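Structure first, then comments.
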Amino acid sequence: MAKHEYSYYPGCSSQSGASSSNLMRSVNSMCEELDVKLNEIPDWNCCSASIGYGSGSVLPRVSLSARNIALSEEANPGQDIVATCAACWLSTKEASERLHEDEGMFKDVNTALAEANLKLNNNTPVRHMAEVLIEDIGFDALAEGVKKPLEGVKIAGYVGCQTNRPFGIAGESFENPKYLDKLVSSLGGDAIESYEKKVQCCGGALAFSEPEKSQEMIHGIIEAAYDNGADMIVTPCPLCQANVEIYQDEINARYNSKFEMPVVYYSQLISVAYGRNSKDAALDGQLIKAKKLEEIAG
Amino acid sequence: MSLNTAMVEKYRNNFLQEVAGNVEEGDWVKMCMQCGVCAGSCPLGNAWEHTPQKLFMMIRANKRDEVLTSDSMWMCTSCYNCIVRCPRELPITHIMHGLATYAKKLGLAPQSNPTQWFSETFWNNMMKKGRVNELKLGLSLYFKDGFVSGIKESIAHQKLGMNMMKAKRMAPMEIMGGHGVKDLSGLQKMIKKAQDIEAERLEANSK
Amino acid sequence: MANYDKKLGAYICSGCGIGDRLDVSQLETTAKRDGKAANCKTHDFLCSKAGVEMIQKDIDDGEVNHVIIGGCSRRSKIEAFRFPEAAVTRANLREGCIWIRPDNDEAQETTQEMADDLIRMACAESKYMNIPTASGEQELNKTLLVVGGGITGMTTALESAKAGYNVVLVEKAAELGGWMAQLHKRTPNKMPYAAPQDTGIDATIAAVNDHANITVHLNTTVSKTEGAPGRFKVELAVESGSASTVDVGAIVQASGFNMFDPANVPAMNHDKSADIVTNMELEALANAAGDGPIKRPSDGKQVSSVIFIQNVGQNSEEEGHLPYHSGIGDMVSIKQAMYFKHLNGDCDTTILFDNLRTPGAAGEDFYRAGQDAMVTFRKGIASEVVAGGDLEVKFKDMILDEEFTESADLVVLDVGMVPNSGPDPYAADNLPKDEDGNPIEEENAVSVESILNLDYRQGTDLPHLRHGFTDSHFICFPYETRRTGIYSAGPVRRPMDIHQTMEDAAGAAMKAIQALENAGKGRAAHPRSGDLSYPLFRKEGCTQCKRCTVECPFGAINEDEKGFPVFNESRCRRCGTCMGACPVRVISFDNYSVDTVGQQIKNVDIPDEFDEKPRILVLACENDAYPALDMAGQNGIEYSSFARIIPVRCLGSVNTIWLTDALNSGYDGIVLMGCSKGDEYQCHFVKGSEMAHYRMGKIADTLQTLSLEEERVATYEVAITDIQRAPKLINDMAETIEQIGMSPFKF
Amino acid sequence: MTEVVATNQTILVVGAGISGITAAVEAAETGKNVVLVEKRAYMGGRISQLYKYFPKLCFPSCGLEINQRRLSAQGGITVLTMAEVSGVTGAEGDYTATVKISPRYVNENCTACGACADAVEAEFDNDHNYGMDKHKGAYLPYNMAKPERFVIDPRIIGTEDAEKAKAACKYDAIDLDMQEETVEFKAGAIIWATGWTPYDANKIQPYGYDRYDNVITSVEFERMMDKFGPTGGKILRPGDGKEAKDIAFIQCAGSRDRNHLKHCSRICCMASLKQSTYITEQYGAEDEDAKGTIYYIDIRSIDRFEDFYRKVQNDPKISFVKSKVANIIVDKENNPVVKGVDTEGYHRYETKHDLVVLAVGMEPNVTKESFPVEIAINEHGFIEADEANGGIFAAGCASDALDVNRAVQSATAAALRAVQVVNKVAGAEG
């Protein structure tokens, strides 16, 4: 039996062929290394993220998450739900919390769930993979397993919004969370602790609809990393990863800049540090290659 | 009588009460003390015509039309900065979402606002299969202003698309269907039920 | 006055480096030879148990009754050197001598001279002082007079009675209860601070009426108050015309407040519509409503919209307005807005405020409770209420930056509290002055009817501090009024709510009880608490000039029919301002007199002119300047060894004869250090420093007569924090003397 | 061994700040026996760390001098410093208090000559100056410290420094073997005057007090103005020691905030108005670079103090912005840049200042859990008057967020309530 076992909610963007399929791959490698078993929630659905609000109002949106929790409770009883995507985690956790606080809504949601022959008990903790790493495994244990320390790699920890607010990681500040820095240090890399844009919003919600607004924000996030001497950015959120990475060409054109800043997931860092190859670490999924990681991974 | 007219009739001079009764977390609006921390904390602050705190004041001042037709709340990126800093713990993000949704239900949301449109497209995309099809979502966005401009947009973003495909982060076959939920009908019935419950409640509130 | 043989004992400590830096045996010789101290001893650790026991033994053996300690400052080791049965003086050899002088050979001689003089001065002071004892004329009267039967007065009465004292409670009206009895509900004083509470006033009134130790006089005013703490005689006048006299030990004035007249803010149109009411008028409407909805006065319609306008005529420099703020108006309006939420169902309730003043834990909780009850708060400045069928309020919403006109069934004006304090004895001094220095009359001058009718030389009532309030000027001492044994409490002192007023009532009761207890023992009140000395007066020398009666900062001194001063010792605060004022020097205290200081001045050794060793007399207020100089020593800040420092109770006690004598006997310069004066005075005796500055303004004449330079006398305001500046002022004088030369008056 | 003479007619006062001193002195001057217990090595509490009082702009040490004199003039007050009440049993009129006294390692022989401080070398953060400078391992907490007796920092015990201090003392005042002791004594009534503590500014993360050198607290600013404080009376940026002339004051730093203290701390508005006058005091009215900006939600200058508010409003150097500052960042020169929205008409600002002063709130020192007996404490941690409290009465900031004047008022009232109890005991005992 694996040391740690969770009910896993991968989310739409992690699916094969989707924008953060590389996240999924590196998470799988990471979990193998850490002896973590992820049991995917069968037939999970989209959480509708935050942007769902425009058409889906409260009850439908909460019902979507409630369905996932109910499915998890049915298929993976007693296991904490773990999400790797910030938006998935937030939507699900928020739904769970609101249903704890609001009995009326809890009743309504179960009425809706009954249409799909499901019932929600709502007694399952909803957690982000970062919490698993920090709380269940711990930085010390993580450091122990490092085979190829990320020596000399300067990494800016970009936490973003939804992994950080409103819930965040226990004991961390909303304004200056340090867990990514600690993670980087545990893996033998150089954390850029003075990176002051670590919780600045990337404007993901507007990336499609009003790109000029979101790209202005992304520009600032990358610039600050450059100014602080970062070789790359690490993030725990697929939306942040995608936004900050993939629009750099457009941003360079817009701002006359020459950014070429790799943006990777924590799971990729761990995979590499634990000795996995580039493919297992999904480094091939980078639009902007994380060369320093590739060198280490060999 | 439209829902909007019915609501106007019902609440007359008290928009605050209307918001409290019908908007997601709207009951919290009364608790705002006008400190402005939300306004200063919003990463898109510059884009807002009316900041959250000002919207709350406008609600109290019965500026119903101005609030509901405003595009300000559509600027919300759900970054939750306002929520964590609000000294009164108002769920501002949710109230912004709620105001937007409510405006949309009443038919007052600004049609020209792109995020409003995106939000709807996203929802519809998601509801088709129970999971989001990123490719279709992206394409539908490019083609939102018609076929010709859609082709232009597509070309403009061609490089990005190619790169994503190369990195296996975009799959052309997704256009043919892609991932989805097996119990789609159960999911759709569930959503329908949830929507009905809300609609009935709103209808009842307008009486 | 004491009548005993003085036996001086000088005890010199050689510890703390004194023995290393000074020739202690010479100090002993000085004490014996010049100081005439029969008993002289040196100890290397005088404050130790052994050192203290040595002194105590001499006292017990009858060898010594006047103790002179040559060692650390009088501010140090107070507990060790407390010998209640002896007169104790201190020569400040440590902080005032070795610590302010450099430790080198060059300085040694002058430092030793300084120390010798300090010993001479302490001996002289000791020789001329007496151990103070109470006059024996005291009375212990355990009854308090409380003026005012509102919540403040009633609370004072109940709290005092609970401590075992008797109370005479006087109320002008026919019933107890005051304004509070008119309230529908009160703001909450218990967690969770969420809803208006019953006032409970009936129970309080019943408790007062039922208490065996409280006598209530209704329809009664105070027609005359004479005497002093411990022996006030108070004449009570009943409306019917009858009168009686009570003897009381202390007085608490709880005469409350009146409401500001909204007619002073014409734009509010209070007189134009019955539906524009003040906050107090609203209480009546709420009471009239019973459990039903509040109705508007004009036509009895149930109020469905109400607007509260905060801050009407308050915090404003406009004519006829109040320059202060009641502070409680926002809490009151939230409470009243809740009346509507409770009684009038779906009533629109708006509060237009400028700064929402809901301080403290209870305040902020109540604000949130108001918001939670759907009271609409708008930062808005109202410019006008338009009277008519439906009222209209014009205001600027400060957040939306937009002018609004909102209609309402009822408009409530938050008008402020005006203290009911009686005429200010010093009104003419306190009025703002025009360019020529003539006082400008205040338009809304408060009630001029006397409350206490004090038979005092300096007026009938408690002095006002500001805006008609009888508050204390002292942050640290909120009950220090300028009339000993008379304390004010409640909104007459400063605007306050019920909770605060009840705390204040208890505080004032404490002070009144303390005052009468101490008066009974002949002990002084704050700040020289416990001092048994009192002004002694040599009547045969008095010229009836009235300076003392006019200048006493506490109005303690009356005049008899011939114009001689009557000191009323228990009113006296022992500052010595009278002593400083007296041109013929007939006023003194056992432990502080023209001689105790004058002889110190005289006993300083004045080297002759060619020694080039000037002498600078420093008279320093013992509360501020002297501690500052001590702390300079503590921090090793040096000053001239030519300075001879004498602490004085207050600069107001400085008699010009000391200066004249000093100049005549060859001092080269004089520095006076008192506390800050003026509106924000820090003088603990209120007027002492100001009086001294005034008197010193006239010293120029004396200097002229003596053909001396004006710069030889300098008067400064020195704060306790002037630890670097005070020494500098002394050094400045030393430098001045260097420039203008030595005094020609050396022998 | 410390001996405490007390009976059930004794009043125990816990805390020797302005409230505790006042309660003790008022009761003692009415002839009562008092035991005054203070946790610190010296009396005076928070006011000993203030530069000036509002609205008079006078010096707290002035009143403290008088109070300390009153206190020593009264034979009736026993003062225990470095002492904490660890237990209370019994009931109104008959309490037994247990007090734990930490070793000072300096006995009453101390003459405050300072030889021990000269002899030692180790230095530690100076709590009196909120850690802005250091004190030696043997030290007098500050100029006016009473009891006027040095303290040996327990951290030097067992080191060579301790032996050096002992050797330097000519008066056998240093006792390195001093142990913690516990004393037990009777009291009829107890006045709880444990005061407040500045809210921990590290917790107000958006303002970066933990990250930015040039963001300080109001209590630290107060220490800067003291000529014997950590900066010698100059307003200096902790970051680079440069003079700070353009100063921002941020109100409600931790107060009126459900993330921090829900209550309004009452004093901070007046404190900042007061501190804004320090700018002119320091640089003069002519210096155009010297200016202050007060960021506020509501200015609560309450009642008579309004005229002080008006005075500051009329000062051309001081401006007011109705806004709770959203966050602070620093520019490349380490200047704090204050960001937010002026809500009066919606003006977005991003303003650079030399120094930011956070007007930190008051947190009561009492907690329900830490209280030795059952007592009515509200959710904010303040003790409420309640019949059930028996003979225990709160004074000053243990009862509410109060300014000095109101704290003294409250303490005087508490003294009376204690006197009522012991008078009743005296009556019963004849």
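Everything numeric in this text was worked out from a predicted model, so none of it was measured. So that the names make sense, note that chain A is the first sequence line, chain B the second, and so on, each numbered from 1.
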Proximity breakdown for [X] and chain C, heavy-atom pairs closer than 4.5 Å:
X: Cys110(D); result: backbone
X: Ile21(D); result: neither
X: Pro147(D); result: neither
X: Val421(D); result: neither
X: Ala385(D); result: backbone
X: Leu140(D); result: side chain
X: Arg417(D); result: side chain
X: Asn314(D); result: side chain
X: Phe54(D); result: backbone
X: Tyr51(D); result: neither

Decide, yes or no, whether a salt bridge links [X] with [Y] under the criterion of side-chain N to carboxylate O below 4.0 Å.
X: Lys190(C); Y: Asp386(D); result: yes
X: Lys77(C); Y: Glu148(D); result: no
X: Glu108(D); Y: Lys49(C); result: no

Largest heavy-atom contact set with chain D, pairs under 4.5 Å, which of [options]:
options: Gly15(C), Ala509(C), Cys72(C); answer: Gly15(C)
options: Ile328(C), Asp471(C), Leu356(C), Ile78(C); answer: Leu356(C)
options: Phe469(C), Tyr681(C), Tyr193(C); answer: Tyr193(C)
options: Gly327(C), Gly363(C), Gly507(C); answer: Gly507(C)
options: Glu517(C), Arg466(C), Lys511(C); answer: Lys511(C)

For residues [X] and [Y], determine if any side-chain heavy atom of one lies less than 4.5 Å from a side-chain heavy atom of the other.
X: Lys322(D); Y: Met398(C); value: no
X: Gln68(D); Y: Arg75(C); value: no
X: Glu79(C); Y: Val79(D); value: no
X: Lys56(D); Y: Gln682(C); value: yes
X: Arg310(D); Y: Pro323(C); value: yes
X: His325(C); Y: Ser301(D); value: no
X: Cys476(C); Y: Tyr53(D); value: yes
X: Arg74(C); Y: Arg69(D); value: no

- Would you kindly say whether Asp400(D) and His499(C) are connected by a side-chain donor-acceptor distance under 3.5 Å?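 Checked: Asp400(D)/His499(C) side chains show no N/O donor-acceptor pair below 3.5 Å.
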
- Message: Distance alone, cut at 3.5 Å: any donor-acceptor contact between the side chains of His526(C) and Arg70(D)?
- Response: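 Side-chain D/A pair, His526(C) to Arg70(D): present.
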
Contacting moiety of [X], where chain D heavy atoms sit under 4.5 Å:
X: Thr155(C); value: neither
X: Met502(C); value: backbone
X: Phe474(C); value: both
X: Lys379(C); value: side chain
X: Asp630(C); value: neither
X: His473(C); value: both
X: Gln634(C); value: side chain
X: Asn623(C); value: both
X: Gln314(C); value: neither
X: Asp504(C); value: both
X: Asp397(C); value: neither
X: Glu503(C); value: both
X: Ser326(C); value: backbone
X: Cys47(C); value: side chain

Side-chain donor/acceptor of [X] to backbone N/O of [Y], under 3.5 Å:
X: Glu384(D); Y: Met191(C); answer: yes
X: Tyr171(D); Y: Cys16(C); answer: yes
X: Arg300(D); Y: Asn355(C); answer: no
X: Gln514(C); Y: Glu26(D); answer: yes
X: Asn423(D); Y: Ala163(C); answer: yes

How long is the span from the [atom1] atom in [X] to the [atom2] atom in [Y], to the nearest 0.5 Å?
X: Thr412(D); Y: Tyr487(C); atom1: OG1; atom2: OH; result: 10.5 Å
X: Asp172(D); Y: Ser48(C); atom1: CG; atom2: OG; result: 10.5 Å
X: Glu29(D); Y: Ile513(C); atom1: CD; atom2: CD1; result: 14.5 Å
X: Leu465(C); Y: Arg304(D); atom1: CG; atom2: CZ; result: 5.0 Å
X: Met144(D); Y: Ile723(C); atom1: CE; atom2: CD1; result: 8.5 Å
X: Arg357(C); Y: Ile302(D); atom1: CZ; atom2: CD1; result: 9.5 Å

Whether over 12 other heavy atoms sit under 6.0 Å from [X] [atom1]:
X: Asp679(C); atom1: CG; result: no
X: Lys52(D); atom1: NZ; result: yes
X: Lys262(D); atom1: NZ; result: yes

- Output, in order, the C-alpha distance, side-chain angles, deciding distance and verdict of side-chain contact (heavy atoms from CB on, under 4.5 Å) for Met510(C) and Val419(D). CA-CA 9 Å; Met510(C) 175 79 237; Val419(D) 165; 4.0 Å; yes

- Query: What do the steps show when you test Ile66(D) against Phe477(C) for side-chain contact (heavy atoms from CB on, under 4.5 Å), and what is the final call?
  - Reply: CA-CA 10 Å; Ile66(D) 296 234; Phe477(C) 310 110; 3.9 Å; yes

